[in-house]
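Structure record follows, encoded as structure tokens.
Remember, it's a predicted structure, so these values are computed and weren't measured experimentally.
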Amino acid sequence: ATAIIPNILSQNNNIEERILTIAQANQAQSPINFYKDAKGEWVLAKSKPINQGKWYFISEVNLLEAYTPLIKRFGLLAICILFGTFLTIKVMLMITKKIEEPIQQLLKGVDKVEQGYYDYQINEKQLVPYAKEFQELCTSFNEMSAKVKEDTILLRELSVTCQLTILYNRRYLIEQGELVFQECKSHKHHCSCIAIDIDFFKNVNDTYGHLVGDEVLKHVAKIIKESVRIKDITTRYGGEEFVILSPATTLDSAVKIAERIRKNVEECPFTIGEQFIQMTVSVGIAEFANDKDIS
């Protein structure tokens with residue numbers, strides 16, 4: 001609304017006088033006035049004196065109409081910010097997922113290895129959609145896991161194998177012997193144990209030296225290994241002593257195995273150059289047939 005209001009007003013025109021007073025009072029302070037108009041609505045107004053201050057040119061605009069464009073712009077800006085924030089969060093979550101999932105696969109693999117599952121392998125096909133670096137990292141993990149498994153098997157073999165004779169050692173006999181015995185006991189099978197000692201082995205070491213003595217041990221161990229069955233557990237118990245654990249084997253069957261070993265050792269002397277070292281063995285046998293055999 002625009003109005004030209006004279007400086008001199010009648011006493012009955014209180015509303016215009018109030019507006020004129022506001023215009024006069026704020027003339028030097030601010031070109032924009034803020035007040036209620038004659039209708040009692042809040043307006044923004046700008047006034048300018050004319051005709052040497054005898055008249056005032058006042059332009060008014062409804063406050064809501066004045067701020068509506070600004071409110072719309074702020075609203076649109078707020079919507080854009082919210083949408084942009086939502087879109088940014090969504091993109092960040094997608095990126096995080098692409099980073100987190102391969103890492104979770106790696107952490108799972110590490111946890112499996114820690115639990116003793118050395119053969120655990122990450123499925124590399126699941127990582128095809130992800131970054132090449134993650135695929136290479138998982139490939140390296142699988143290679144490491146395979147190497148750890150291989151080394152673990154080797155260490156296990158070394159820990160239970162006599163490196164001289166390549167037979168199982170005393171540790172393996174104690175570990176597996178208990179399992180074999182309990183299995184035979186639960187199934188009510190016979191179980192036999194054959195103890196073998198090389199006769200006068202000290203004379204071999206004293207006469208030919210310990211290096212030759214080691215070769216004799218390897219020779220006898222090979223004969224024993226070839227004289228038993230696949231299911232028999234053949235071990236070097238210590239020194240020149242060997243123990244064979246024969247599951248599901250009666251005393252009569254164990255005697256036949258022992259006799260075969262004794263005969264083969266006697267008939268196959270160890271040769272060193274043109275010399276022959278004749279070897280014999282002493283054998284002892286024990287059998288488990290029922291619980292009464294346990295003392």
Side-chain angles (χ1 to χ4, degrees), residues 150-185 187 189-289 293-294:
E150 181 181 337
D151 292 344
T152 301
I153 293 174
L154 178 60
L155 288 173
R156 172 62 181 170
E157 288 294 326
L158 291 174
S159 69
V160 297
T161 304
C162 168
Q163 297 307 298
L164 178 64
T165 61
I166 317 301
L167 297 178
Y168 288 121
N169 58 19
R170 181 175 179 175
R171 174 182 178 180
Y172 185 84
L173 175 65
I174 294 173
E175 290 178 355
Q176 294 299 313
E178 180 65 24
L179 297 176
V180 170
F181 177 75
Q182 292 299 332
E183 184 176 356
C184 289
K185 184 179 177 182
H187 290 86
H189 290 163
H190 291 257
C191 184
S192 295
C193 183
I194 305 172
I196 302 171
D197 186 87
I198 301 176
D199 297 330
F200 310 108
F201 182 72
K202 184 176 182 299
N203 293 339
V204 175
N205 285 332
D206 294 342
T207 304
Y208 301 98
H210 288 279
L211 292 179
V212 174
D214 288 346
E215 293 302 317
V216 171
L217 282 173
K218 290 162 65 176
H219 174 72
V220 174
K222 184 173 182 293
I223 294 173
I224 294 174
K225 183 66 176 176
E226 293 174 349
S227 301
V228 299
R229 304 163 302 178
I230 295 177
K231 68 178 181 179
D232 295 328
I233 300 175
T234 307
T235 65
R236 181 189 177 192
Y237 195 75
E240 67 274 20
E241 299 173 351
F242 301 87
V243 173
I244 302 168
L245 188 62
S246 299
T249 303
T250 63
L251 181 61
D252 291 339
S253 297
V255 169
K256 292 179 181 179
I257 295 172
E259 178 59 23
R260 183 164 59 245
I261 293 171
R262 185 201 65 77
K263 182 179 178 181
N264 290 344
V265 171
E266 186 175 358
E267 294 178 352
C268 299
F270 178 75
T271 58
I272 176 171
E274 296 181 354
Q275 289 186 320
F276 292 91
I277 301 177
Q278 191 69 43
M279 303 301 302
T280 59
V281 293
S282 298
V283 182
I285 305 173
E287 178 199 31
F288 167 77
D293 294 332
I294 303 175

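- Here Phe288 contributes atom CZ and Phe181 contributes atom CZ; the two are 4.5 Å apart, rounded to the nearest 0.5 Å.
- For Glu226, the salt bridge (Lys or Arg N to Asp or Glu O under 4.0 Å) partners are Lys222, not counting sequence neighbours.
- Residue pairs satisfying the salt bridge (Lys or Arg N to Asp or Glu O under 4.0 Å) criterion with at least one member in residues 201-212, sequence neighbours excluded, are listed as follows: Lys202-Asp206.
- Using a 4.5 Å heavy-atom threshold, the side chains of Leu173 and Leu245 count as touching.
- Residues Val220 and Phe270 have side chains not in contact (no heavy-atom distance under 4.5 Å, counting atoms from C-beta outward).
- In this structure the side chain of Val204 never reaches within 4.5 angstrom of the side chain of Glu240, judged on heavy atoms.
- Taking OG1 of Thr249 as the start and NE2 of His189 as the end, the distance is 10.5 Å to the nearest 0.5 Å.
- In this structure the side chain of Ile194 never reaches within 4.5 angstrom of the side chain of Val243, judged on heavy atoms.
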Test side-chain hydrogen bond (donor to acceptor under 3.5 Å, both in side chains) applied to Asp232 and Ser246, step by step
CA-CA 5 Å; Asp232 295 328; Ser246 299; 3.1 Å; yes
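- Contact of the Thr234 side chain with the Tyr168 side chain is not registered, since no non-hydrogen atoms from C-beta on lie closer than 4.5 Å.
- For Glu266, the salt bridge (Lys or Arg N to Asp or Glu O under 4.0 Å) test picks out Arg262, with sequence neighbours left out.
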So Met279 and Asp199, side chain to side chain contact (heavy atoms under 4.5 Å, CB included) or not? Walk me through it.
CA-CA 7 Å; Met279 303 301 302; Asp199 297 330; over 6 Å; no
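- Considering every non-hydrogen atom in both Ile285 and Val283, the closest pair reads CG1-CG1, 4.2 Å.
- Listed here is the closest heavy atom pair of Pro247 and Arg229: O-NH2, 4.2 Å.
- A heavy-atom distance below 4.5 Å is found between the side chains of Ile261 and Ile196.
- Looking only at side-chain heavy atoms (C-beta outward), Arg260 and Ile257 come within less than 4.5 Å of each other.
- Residues Ile233 and Ile244 have side chains not in contact (no heavy-atom distance under 4.5 Å, counting atoms from C-beta outward).
- Within the model, atoms CZ of Phe200 and OG of Ser282 stand 7.5 Å from one another, a figure rounded to the nearest 0.5 Å.
- Nearest heavy-atom pair across Ser159 and Asn169 is O-ND2, 3.0 Å.
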Begin from the C-alpha positions of His190 and Ser253 and carry the test side chain to side chain contact (heavy atoms under 4.5 Å, CB included) through to its verdict.
CA-CA 10 Å; His190 291 257; Ser253 297; over 6 Å; no
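- With hydrogens and angles disregarded, no donor-acceptor distance shorter than 3.5 Å links the side chain of Glu274 to the backbone of Ile272.
- Shortest non-hydrogen contact noted between Pro269 and Gln278 is CB-OE1, 3.7 Å.
- The environment of OH in Tyr208 is crowded: more than 12 heavy-atom neighbours from other residues, nucleotides or ligands sit within 6.0 Å.
- Between the CG atom of Asp214 and the CG atom of Asn205 there is a distance of 7.5 Å, given to the nearest 0.5 Å.
- With values rounded to the nearest 0.5 angstrom, Thr235 atom OG1 is found 10.0 Å from Lys225 atom NZ.
- The line from CG of Leu167 to CD1 of Ile224 is 7.0 Å long, rounded to the nearest 0.5 Å.
- Within the structure, salt bridge (Lys or Arg N to Asp or Glu O under 4.0 Å) contacts touching residues 166-181 (residues at least two apart or in different chains) are Arg156-Glu175, Arg171-Glu175.
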Verdict with supporting geometry, His219 and Ile277, side chain to side chain contact (heavy atoms under 4.5 Å, CB included)
CA-CA 11 Å; His219 174 72; Ile277 301 177; over 6 Å; no
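- With sequence neighbours left out, Glu215 forms a salt bridge (Lys or Arg N to Asp or Glu O under 4.0 Å) with Lys218.
- The two residues Thr165 and Ala221 come nearest to each other via the heavy atoms CB-CB, 3.6 Å.
- Checked against salt bridge (Lys or Arg N to Asp or Glu O under 4.0 Å), Lys263 has no partners two or more places apart in sequence or in another chain.
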